[in-house]
Amino acid sequence: MADPKTFGIAGLLGWPVAHSRSPVIHNHWLAHYGIPGRYVLFGVPPEKLEAAVRGIAVLGMRGCNVTTPHKQAIFPLLDRVDDLARRIGAVNTVVVEKDGTLTGFNNDGNGFIQSLRDADPKWRPDSGPILLLGAGGAARAVAASLAAQGAKEIRIANRTLDKAKEIAGAVGPVVHVLPWEQREEALDGIAVLANATSLGSAGKPPLEIALDRLPKNAVVGDLIYVPPETPLLETARKRGNITVNGLGLLLNQARPAFNAWFGVMPNITPELKQAIAATF
Ligand code: NAP
């Protein structure tokens with residue numbers, strides 16, 4: 001691994017990558033903590049992933065984030081992948097170890113959980129049933145991380161039932177699978193409602209769900225952050241629920257990555273949130 005006193009480089013491998021807010025976050029922290037370094041975007045097409053990953057340690061980088069379409073494809077190119085990332089089936093962070101080997105992690109689910117805690121400090125993963133809408137990569141990360149942090153009941157409703165069943169198979173019996181049509185009944189008695197579908201994001205149709213059965217003290221999280229307040233979050237906020245958007249996930253997954261690369265556990269400050277808000 002590179003000498004920690006030298007200029008440190010980390011970045012994002014994806015295709016495309018231009019939309020990412022990660023440079024704003026990591027470069028803000030580098031400046032704030034006076035650490036010499038830079039976080040850069042690397043647009044890497046799928047056929048070049050292997051060459052790019054081989055270059056991470058050779059070029060003296062501290063590590064990288066990984067996004068679509070490389071989160072699964074990177075597995076065989078790493079020296080080791082931690083247990084949670086294995087259960088999730090995707091890597092979002094790579095760390096170059098002291099000996100130059102590469103370890104893969106996935107901080108997305110834990111980042112989302114931390115954002116719920118930040119929004120409602122009384123909430124714990126075992127506070128009550130959680131209804132997760134969606135069964136794509138993000139939902140799987142959230143479900144596996146919730147189970148690892150002690151959640152007792154995770155209800156997953158998804159349009160394609162088989163994908164929800166796959167998550168249940170990977171995560172275990174705390175996951176209860178429900179047809180998409182039963183998402184409103186599934187609101188009964190929950191402590192958290194989490195939208196991990198793409199419905200409600202800019203350019204997509206809204207998520208259709210009547211919230212009458214949602215307990216008033218449930219926290220509502222949406223993994224989407226463009227727009228900053230989805231129709232789901234707006235409706236939930238107006239009826240009195242605590243809400244949190246996907247920026248909380250993005251910021252909280254970045255903290256342990258920055259710590260692993262640059263040796264400082266950074267804070268999420270109002271200035272950082274302002275710097276991100278300025279990009280919308
Ligand atoms: P994905 O793997 O493509 O999954 C998309 C999910 O949305 C699937 O469950 C899909 O259901 C569902 N869906 C799409 N259109 C639908 C429709 N018309 N009706 C019902 N369900 C529909 O995507 P992902 O990577 O998991 O990401 C999901 C969302 O989380 C995206 O909006 C993404 O931007 C966001 N996200 C945010 C962060 C962050 O940093 N905040 C990180 C990761 C993801 P089917 O299985 O039936 O297709």
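Below, each value reflects all heavy atoms present in this structure, side chains not excepted, and no hydrogens, waters or symmetry copies. For this chain, numbers begin at 1 and follow the sequence in order. The shown structure was predicted, so the numbers you read here are calculated from the model rather than taken from an experiment.
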Practice task
May I ask you to list the residues sharing a hydrophobic cluster with I88, side-chain cutoff 4.5 Å, ordered by chain and number?
Solution key: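 Members other than I88 - counting any ILVMFWY side chain reachable under 4.5 Å - are L84.
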Exercise for the section: List the steps, then state whether side-chain contact (heavy atoms from CB on, under 4.5 Å) holds for L133 with L193. Expected result: CA-CA 8 Å; L133 301 176; L193 168 63; 3.9 Å; yes
Looking at [X] and [Y], would you say the former's side chain and the latter's main chain have a donor-acceptor pair under 3.5 Å?
| X | Y | value |
| --- | --- | --- |
| T235 | P231 | yes |
| R62 | I9 | no |
| R255 | P266 | yes |
| N241 | K216 | yes |
| N158 | L161 | no |
| S20 | V17 | no |
| R183 | L178 | no |
| R140 | A135 | no |
| E184 | A210 | yes |
| T230 | L233 | yes |

Under a 3.5 Å threshold, yes or no: a donor from one side chain and an acceptor from the other, between [X] and [Y]?
| X | Y | value |
| --- | --- | --- |
| S115 | N252 | no |
| N92 | Q253 | yes |
| D99 | T101 | yes |
| D118 | Q114 | yes |

Handout entry: Member of L132, V142, L250 meeting the side chain to side chain contact (heavy atoms under 4.5 Å, CB included) criterion with L223
Key =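 Going through L132, V142, L250 one by one, the side chain to side chain contact (heavy atoms under 4.5 Å, CB included) with L223 is satisfied by V142 alone.
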Would you say the side chain of [Y] lies within less than 4.5 Å of the side chain of [X], judging by non-hydrogen atoms?
| X | Y | result |
| --- | --- | --- |
| W15 | V44 | no |
| R87 | V171 | no |
| L247 | P228 | no |

Practice task
State the OG1-CG distance between T67 and L13, to the nearest 0.5 angstrom.
Solution key: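 If we round to the nearest 0.5 Å, T67:OG1 and L13:CG are 10.0 Å apart.
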Over all heavy atoms of both residues, which pair between [X] and [Y] is shortest? Give the atoms and the distance, please.
| X | Y | result |
| --- | --- | --- |
| A119 | V244 | CB-CB, 4.1 Å |
| D79 | L102 | OD2-N, 2.7 Å |
| G150 | D126 | O-CB, 3.4 Å |
| A10 | W261 | CB-CE3, 3.6 Å |
| F42 | M61 | CE1-CE, 3.8 Å |

Practice task
Going by the side chain to side chain donor-acceptor pair (under 3.5 Å) test, name the single residue among T103, N106, N65, D108 that passes it with T93.
Solution key: N65
Problem - Salt bridge present between K122 and D120 (N-O < 4.0 angstrom) - result: yes
Handout entry: E271/K273 salt bridge by N-O under 4.0 Å criterion
Key = no
Handout entry: Contacts of R237 that satisfy salt bridge (Lys or Arg N to Asp or Glu O under 4.0 Å) - sequence neighbours left out
Key =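 Counting only residues at least two positions away or on another chain, R237 forms a salt bridge (Lys or Arg N to Asp or Glu O under 4.0 Å) with E229.
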Problem - side-chain contact (heavy atoms from CB on, under 4.5 Å) evaluation trace for V66 with V94 - result: CA-CA 7 Å; V66 184; V94 174; 3.8 Å; yes
Problem - Aromatic ring proximity W29/H26, centre distance under 6.0 Å - result: yes
Exercise for the section: Would you kindly check if the NZ (Lys) or CZ (Arg) of R21 is within the cone defined by 45 degrees around the ring axis of F280 and under 6.0 Å from the six-membered ring centre? Expected result: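 Judged by the rule (NZ or CZ under 6.0 Å from the ring centre, within 45° of its axis), R21 counts as positioned above F280.
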Exercise for the section: Run the numbers on N195 and T197 for side chain to side chain donor-acceptor pair (under 3.5 Å), then give the verdict. Expected result: CA-CA 6 Å; N195 176 35; T197 72; 2.7 Å; yes
Practice task
Give the C-alpha distance, both sets of side-chain angles, the deciding distance and a yes or no for side-chain contact (heavy atoms from CB on, under 4.5 Å) between Y39 and H28.
Solution key: CA-CA 10 Å; Y39 183 100; H28 176 93; over 6 Å; no
Problem - Stepwise side-chain contact (heavy atoms from CB on, under 4.5 Å) test for H176 and I154 - result: CA-CA 6 Å; H176 301 255; I154 304 167; over 6 Å; no
Exercise for the section: Check whether more than 12 heavy atoms from other residues, nucleotides or ligands sit under 6.0 Å from atom CD of Q182, and answer yes or no. Expected result: yes
Handout entry: Audit row: T160, D162, side chain to side chain donor-acceptor pair (under 3.5 Å) steps and yes/no
Key = CA-CA 6 Å; T160 310; D162 280 349; over 6 Å; no
